[in-house]
Protein chains: 2
Amino acid sequence: MSTTAPAVRRTQAERSDAMRRRLLAATVESLAEDGYAGSTLSSIVRRAGVSRGAQVHHYPNKQALILDAADDLLRSSYRTLGAVLLSVADEDNRLEMLVKATWEQLFATPLYRAYSELLVASQRDPVLAEALRGMLLRVSKVFEPAVEHYFMQAPGMPAPGTRENLKAVFLQFSCLLAGLASQAHLFNDPAYVAAQLKLWTRQAQLVMRARKGVRTPPPRPAEWDRPVLD
Amino acid sequence: MSTTAPAVRRTQAERSDAMRRRLLAATVESLAEDGYAGSTLSSIVRRAGVSRGAQVHHYPNKQALILDAADDLLRSSYRTLGAVLLSVADEDNRLEMLVKATWEQLFATPLYRAYSELLVASQRDPVLAEALRGMLLRVSKVFEPAVEHYFMQAPGMPAPGTRENLKAVFLQFSCLLAGLASQAHLFNDPAYVAAQLKLWTRQAQLVMRARKGVRTPPPRPAEWDRPVLD
DNA sequence: TATGATACAGTCCAGACTGTATGTAAATAA
DNA sequence: TTATTTACATACAGTCTGGACTGTATCATA
C-alpha cells in the first residue's frame with residue numbers, strides 16, 4: 001500500500017516538459033506580481049513549488065530562464081491576440097469591438113504587466129531587447145495581415161500609401177495602449193481609459209472602414225497552433 | 001599656506017542644500033542609467049561622490065530618497081514643459097512644433113527614462129504611486145490651461161464639450177508619447193517615431209486649430225519659478 | 001538486470017545591499 | 001571661548017541573491 005508513491009511513469013521528455021512549464025508559468029506570474037527585480041530565482045522556484053536544483057538543471061542561469069519566459073510570454077500574447085482577432089470576426093462594429101477586446105484581453109492583463117517589466121529591463125539588457133524585438137516582429141507579422149483582412153482605407157481619404165497608413169494607425173493604437181497601460185493605475189477615474197479607447201476609435205473611423213461582408217477569419221499562419229514549447 | 005583647506009565658510013543650510021542637490025541629481029541619473037533596481041544606495045552615493053553617511057543623514061531610508069528624487073524629477077519636467085510651451089509661443093505651425101519639442105525635450109530624454117522606471121515601480125509601491133499621482137496632477141494643471149491658451153476646437157466639429165475634448169486629445173497625446181518612449185528602443189527604424197508624431201499631428205489638426213494672433217505666453221502659475229528644493 | 005544518463009533536491013558560499021551605530025569636523029549658540 | 005547642535009565619514013551587522021556543488025531518484029538502454 002504505497003500511499004505516497006505517485007507511480008505515474010512518465011517519460012523523460014514529459015518530465016522535462018512539465019517542469020519547464022511550471023517554471024515558465026511561475027516566472028511570468030512573478031514578473032507580473034513581483035516585478036523584474038523582485039523575480040528572484042528563489043521566489044520563482046518557491047512559486048513553482050519546485051526545488052532550486054530543478055531550475056538550475058533546466059536553465060543554467062537566470063538570464064536563460066528570463067529569456068525563455070519572455071518567449072513564452074510573447075507566444076501567449078500571440079495566441080491571445082489570435083483569439084481576439086477571431087472573436088471580432090462577424091461583428092458589425094468591428095473596430096470598436098477590436099479595440100475593447102484588445103485592451104481587456106491583452107493590455108489590461110497580468111500578461112502585459114509582465115511584458116512591461118521586461119520592456120523596461122530591456123532598456124539596459126541588449127540581449128533581452130533583441131529577443132523582444134524579434135518576438136514583436138512575429139506578432140506584427142500576424143496582426144498586419146489581419147488588419148488588412150478586416151479593414152480598408154475610408155473612402156475619400158486623400159492619403160497616399162493606403163497599406164502603410166493602416167499599419168501606422170495600428171502602430172499608433174499599440175503605442176496608445178502601451179501608454180495607457182503604463183499609466184492606468186495612476187488614474188483615479190477608471191473612466192479615463194474607456195474614454196480614451198472611445199476617442200481613438202472615433203478618430204480611426206475617420207480614416208478606415210471595416211470591409212463589408214468579411215465573414216472569414218483572418219489569415220492564420222502555421223505557427224499559430226504550434227505548442228508553447230518548441 | 002594651507003593648500004588643502006577649502007576655507008569656504010558655508011552656512012549649515014547651504015551645506016545641506018548643496019548635498020541634497022547632489023544626492024537628488026545622482027539619484028535621477030542613476031534611475032535613468034541603472035534602472036530602479038540598479039539604483040542602490042551605494043551606487044548613488046558613489047555617483048554623487050559623497051559618503052554613505054551623508055545620504056543617511058539627509059534621508060533616513062531609501063524610500064525617502066527615492067520619493068524626494070521623484071519630486072525633483074517631476075519638478076524638472078514641469079519646468080522643461082514650461083520651456084517647451086514658451087518656445088512654441090510665436091510659431092505658425094504651433095501644433096507641429098509643440099509635438100516635436102515635447103518629444104525631443106521631454107520624452108526622448110534621460111529624464112523620462114528615470115520617470116518610466118518610477119512608473120513601473122509604482123505599480124507595486126502604493127506610496128510612490130500616490131506621489132506620482134499628485135505630481136502628474138500638478139503638471140496637468142499647467143498643461144491644460146496652456147492648451148486652451150494656444151488651441152481651440154476646429155470649426156465644424158460636431159463635438160460636445162469642447163474643453164473636455166481638447167483635454168482628452170492631449171491626454172491621448174501623452175499616452176502616445178509614453179507608449180512610444182517605452183518601445184522606441186526596440187524599433188530598428190528611428191523614422192517610425194517621427195512618422196508617428198506626424199500622424200498624430202495630422203489627426204489632431206482635424207479636431208483643433210491654433211488660435212490666431214496669440215503671441216502672449218500661456219498662463220504661468222506662481223510655483224513655476226519656485227526653486228527646486230522647498 | 002546492470003549500467004549509464006537524465007531529472008531533481010538540498011546546501012554552501014562569496015558578494016552585495018540596507019539599516020544602524022559610532023566617531024569626527026564644521027557651524028551655531030551661549 | 002566654550003558648549004551644543006548639525007553635517008558628514010567609517011565600520012559593522014544582518015539579510016538576501018545567484019551560482020556552484022554534492023547527493024539521490026527516475027528513466028533509457030543493452
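Side-chain atoms are counted along with the backbone in the values below, which use heavy atoms only and exclude waters and symmetry mates. Chain naming here is simple, since letters A, B, ... match the order of the sequence lines and numbering starts at 1 in each.
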**Item:** Gap between atoms CZ and C1', on Arg52(A) and dG18(D) respectively (whole Å)
**Value:** 6 Å
**Item:** Atom pair distance, as rounded to whole Å: CE in Met19(B) and C1' in dA26(C)
**Value:** 13 Å
**Request:** Take the protein atom CZ of Arg20(B) and the nucleotide atom C1' of dA7(D), then report the distance between them rounded to whole Å.
**Result:** 11 Å
**Request:** Specify the residue among Thr40(B) and Ala13(B) whose closest nucleotide of DNA chain C lies further upstream toward the 5′ end.
**Result:** Thr40(B)
**Prompt:** Is the closest side-chain donor-acceptor distance between Ser16(B) and His57(B) under 3.5 Å?
**Reply:** no
**Asked** In terms of heavy-atom contacts, does OH of Tyr192(A) have more than 12 from other residues, nucleotides or ligands at under 6.0 Å?
**Response** no
**Message:** Please check if the number of heavy atoms outside Glu96(A) that lie under 6.0 Å from its CD is greater than 12.
**Reply:** no
**Message:** Between Val56(B) and Gln63(A), which residue's closest nucleotide on DNA chain D lies nearer the 5′ terminus?
**Reply:** Val56(B)
**Prompt:** Nearest to the side chain of Lys62(B) - dG18(D), dT6(C), dG19(C)?
**Reply:** dG19(C)
**Asked** Taking CG from Leu41(B) and C1' from dT20(C), how many angstroms apart are they, rounded to a whole number?
**Response** 13 Å
**Message:** By nearest atom, which of the nucleotides dA20(D), dA7(D), dT20(C) is closest to the His58(B) side chain?
**Reply:** dA7(D)
**Message:** Using the side-chain heavy atoms of Ser42(A), tell me which of these nucleotides is nearest: dG18(D), dT10(D), dC17(C).
**Reply:** dG18(D)
**Nearest-angstrom distance from the residue atom CD of Glu14(B) to P of dC8(D)** = 12 Å
**Message:** Would you call the rings of Phe173(B) and Trp200(B) parallel, tilted or perpendicular, taking 30° and 60° as the class edges?
**Reply:** parallel
**Prompt:** Is the shortest side-chain N/O distance from Ser51(A) to OP1 or OP2 of dC8(C) below 4.0 Å?
**Reply:** no
**Gln55(B) CD to dC17(C) P, straight-line distance once rounded to whole Å** = 13 Å
**Request:** Rounded to the nearest angstrom, tell me the gap between atom CZ in Arg21(A) and atom C1' in dA7(C).
**Result:** 17 Å
**Message:** Nearest heavy atom decides the nucleotide; on that basis, is Gly53(A) or Gly53(B) closer to the 5' end of DNA chain D?
**Reply:** Gly53(B)
**Request:** Verify whether one side chain among Gln172(A) and Gln203(B) offers a donor that lies under 3.5 Å from an acceptor in the other.
**Result:** yes
**Request:** Would you kindly compare Arg46(B) and Pro60(B) by the position of their nearest DNA chain C nucleotide and give the one closer to the 5′ end?
**Result:** Arg46(B)
**Phosphate contact (dT6(D) OP1 or OP2) by His57(B) side-chain N/O below 4.0 Å** = no
**Prompt:** Which part of the nucleic acid, if any, lies within contact of Arg15(B), taking any heavy atom under 4.0 Å across all strands shown: a base, the sugar-phosphate backbone alone, or nothing?
**Reply:** sugar-phosphate
**Nearest-Å distance for atom pair CD1/C1', residues Ile44(A) and dC16(D)** = 15 Å
**Item:** Among dC21(D), dG19(C), dG19(D), the nucleotide that comes nearest once only the side chain of Asn61(B) is considered
**Value:** dG19(C)
